[in-house]
Amino acid sequence: MLNKKLEDILNVQVQKEDYSSQLYLAMASWAENKGFSGVADWLYAQSDEERVHMLKFVKYINERDGVASIPGMDQPPAEFSNLPEMFDAVLKHEQYITNSINEIVAVCMEEKDFTTLNWIQWFVEEQIEEESSVKNIIDKLNLVGDKNLYMFDRDIMSMRGAEAEGEA
Ligand code: FEO
């Protein structure tokens with residue numbers, strides 16, 4: 001059974017994963033409207049992944065006899081100045097999520113909940129991948145510069161295909 005402190009911090013993470021899904025959905029829609037269909041595909045897929053993360057937390061809390069609380073929606077930003085600014089915001093958001101996963105690890109250790117400590121390792125690994133994938137995109141974006149954004153967009157589209165194969 002989860003103790004109250006863990007139930008609370010895991011429920012906060014439900015909210016954060018839900019917000020991540022909404023944020024990437026807003027970014028996907030913005031990118032689609034700007035004609036960046038490769039970037040939009042990547043972000044729509046990220047948004048779906050965040051929903052899966054959120055569900056993992058909900059199901060885990062309930063499985064351990066806690067009560068998952070389903071958050072209301074916070075409105076994400078709808079406008080971004082340009083692609084570099086938007087991907088910087090993605091990276092900052094993922095770093096923020098990594099910190100909150102680390103905070104859960106710390107609470108598991110304090111409370112000696114080794115079951116949750118074991119379970120949360122999947123997210124520790126996932127955050128390494130998520131940050132690395134966004135950094136990779138930012139590096140590409142820095143290399144191509146403003147003139148080759150069309151090629152950049154095609155490249156991100158093929159990257160999404162490769163990631164999906166890796167997940168299969
Ligand atoms: Fe669920 Fe991108 O962290």
Side-chain angles (χ1 to χ4, degrees), residues 2 5-32 36 38-64 66-78 80 83-109 113 115-141 155-168:
L2 280 177
K5 205 165 167 191
L6 271 153
E7 184 185 30
D8 288 349
I9 198 169
L10 293 173
N11 267 316
V12 170
Q13 195 63 30
V14 169
Q15 276 176 27
K16 290 179 180 174
E17 301 292 344
D18 187 48
Y19 182 76
S20 305
S21 179
Q22 293 298 114
L23 176 63
Y24 298 156
L25 184 59
M27 288 173 170
S29 176
W30 176 85
E32 189 163 59
F36 296 118
V39 170
D41 278 1
W42 189 86
L43 285 161
Y44 279 127
Q46 285 302 115
S47 172
D48 287 348
E49 276 187 25
E50 299 300 351
R51 182 174 157 77
V52 171
H53 293 174
M54 190 259 290
L55 284 172
K56 277 183 193 275
F57 279 96
V58 167
K59 290 181 179 173
Y60 181 77
I61 295 166
N62 290 338
E63 196 177 85
R64 294 286 314 281
V67 178
S69 91
I70 306 306
M73 273 197 235
D74 282 336
Q75 180 90 41
F80 306 90
L83 286 180
E85 187 194 89
M86 192 198 72
F87 277 110
D88 277 347
V90 174
L91 180 59
K92 286 206 175 71
H93 186 73
E94 287 303 326
Q95 288 166 338
Y96 161 75
I97 295 292
T98 301
N99 286 339
S100 50
I101 297 290
N102 288 340
E103 197 48 45
I104 295 172
V105 170
V107 174
C108 288
M109 288 164 85
D113 183 340
T115 308
T116 307
L117 182 63
N118 190 39
W119 178 80
I120 201 73
Q121 294 311 308
W122 185 89
F123 283 93
V124 172
E125 293 287 323
E126 178 71 4
Q127 283 313 117
I128 298 172
E129 270 177 42
E130 298 235 320
E131 282 194 32
S132 148
S133 155
V134 183
K135 280 181 194 156
N136 194 0
I137 291 176
I138 292 173
D139 286 346
K140 283 173 190 280
L141 201 44
D155 196 22
I156 299 306
M157 194 176 268
S158 62
M159 190 174 156
R160 177 61 216 156
E163 282 178 7
E165 268 176 36
E167 283 157 18

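As the structure lists them, so they are numbered: ligands from 1, and atoms in each ligand from 1.
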Next on the checklist: Between Glu49 and atom 1 (Fe) of ligand 1, is there a contact where an N/O/S atom of the residue lies under 2.8 Å from the metal?
Outcome noted: no

Checklist outcome for this item: Row for atom 1 (Fe) of ligand 1: angle ND1 (His53) to OE1 (Glu17), 10° precision, value 100°

Checklist entry - Rounded to the nearest 0.5 Å, how far apart are CD of Gln127 and CD1 of Ile120? => result 9.5 Å

Next on the checklist: Looking only at the side chains, is there a donor atom on one of Arg64 and Thr116 sitting less than 3.5 Å from an acceptor on the other?
Outcome noted: yes

Item to check | Glu50 near atom 1 (Fe) of ligand 1: N/O/S under 2.8 Å | outcome: yes

Item to check | Parallel, tilted or perpendicular: rings of His53 and Trp122 (30°, 60°) | outcome: perpendicular

Checklist entry - Do the rings of His93 and Tyr24 sit parallel, tilted or perpendicular, given the 30° and 60° boundaries? => result perpendicular

Checklist entry - Given OE2 of Glu94 on one side and OE1 of Glu130 on the other, what angle do they make at atom 2 (Fe) of ligand 1, to 10°? => result 100°

